[in-house]
Amino acid sequence: DTEVTQTPKHLVMGMTNKKSLKCEQHMGHRAMYWYKQKAKKPPELMFVYSYEKLSINESVPSRFSPECPNSSLLNLHLHALQPEDSALYLCASSPLQAGLGQFFGPGTRLTVL
Amino acid sequence: DQQVKQNSPSLSVQEGRISILNCDYTNSMFDYFLWYKKYPAEGPTFLISISSIKDKNEDGRFTVFLNKSAKHLSLHIVPSQPGDSAVYFCAARKDAGNMLTFGGGTRLMVKP
């Protein structure tokens, strides 16, 4: 299994809603990532987990809360988002060795009304 | 401050010819450089990487060249095929945390 899966594919939520994005990989990768990508822009790193521990938080607002329940799963909990948070949210995983690349999921297209 | 730049937003090439995608960077601490390909509505797909201690890496139709003194890398695709039409992102890695910094992307269109 060489895939990173993400659910849901699309999500529409109001500013008062609480929702979660899910990501799963079964490649044995011990690093997992959340990225945010706006239209016609490159992916921007949000969080990095190494060995299920949060190792990097790129100054992301607290309305985004990541969680890594085990080595295969990564969640992103969303609460009180703003319309400007609408974007494609990408999950990725990688081995910890350099140069082997990160494997990306297809993303969740999030719209905040 | 954009540490990784792709100055050409788009590139159009005839099928069978060579596609050359360029990328410039400013941070000399990057130790790996990677190229990703992205189709609409999909996540980026890893293509090829190169260590900062090398100047060339080849994988099938894809070759990446690194010029450290110029802080420049390029991806050559030869021969180009219509299925190569996508957005290509250059990315650079700093050692700790395996963090990637992406360039803005170049849209490649390969015409039959």
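None of these values were measured; they are calculated from a predicted model.
Sorted by first then second residue, the salt bridge (Lys or Arg N to Asp or Glu O under 4.0 Å) pairs that include residues 21-30 of chain B, not counting sequence neighbours, number zero. Sorted by first and then second residue, the disulfide (SG to SG under 2.5 Å) pairs with a member in residues 14-87 of chain B read B:Cys23-B:Cys90; sequence neighbours excluded.
Residue A:Gln37 touches chain B through its side chain alone, counting heavy-atom pairs closer than 4.5 Å. In this structure, the portion of B:Tyr36 lying under 4.5 Å from any heavy atom of chain A is its side chain and not its backbone.
Side-chain atoms of B:Leu75 and B:Phe62, non-hydrogen and from C-beta on, do get closer than 4.5 Å to each other. Side-chain contact between B:Val4 and B:Phe89 is absent, with no heavy atoms from C-beta onward closer than 4.5 Å.
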For this session: Output, in order, the C-alpha distance, side-chain angles, deciding distance and verdict of ring pair (Phe, Tyr, Trp, His ring centres under 6.0 Å) for B:Tyr25 and B:Phe33.
Result: CA-CA 10 Å; B:Tyr25 63 96; B:Phe33 301 90; 4.5 Å; yes
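For A:Tyr33 and A:Ser94, the side-chain atoms include at least one donor-acceptor pair closer than 3.5 Å.
The stretch residues 58-85 of chain A places A:Glu58 near chain B, each with some heavy atom under 4.5 Å from a heavy atom of that chain. Contact annotation for residues 100-112 of chain B against chain A (heavy-atom separation below 4.5 Å, listed by residue number): B:Leu100, B:Phe102, B:Gly103, B:Gly104.
Here the closest non-hydrogen pair linking A:Met46 and A:Tyr35 is SD-C, 3.9 Å.
The closest donor-acceptor contact from the side chain of A:Ser50 to the backbone of A:Ala31 lies at 3.5 Å or more, if one exists at all.
Using a 4.0 Å cut-off between charged nitrogen and carboxylate oxygen, A:Arg30 and A:Glu52 count as a salt-bridge pair. Looking at B:Lys68 and B:Asp55, no side-chain N of the basic residue comes within less than 4.0 Å of a carboxylate O on the acidic one, giving no salt bridge.
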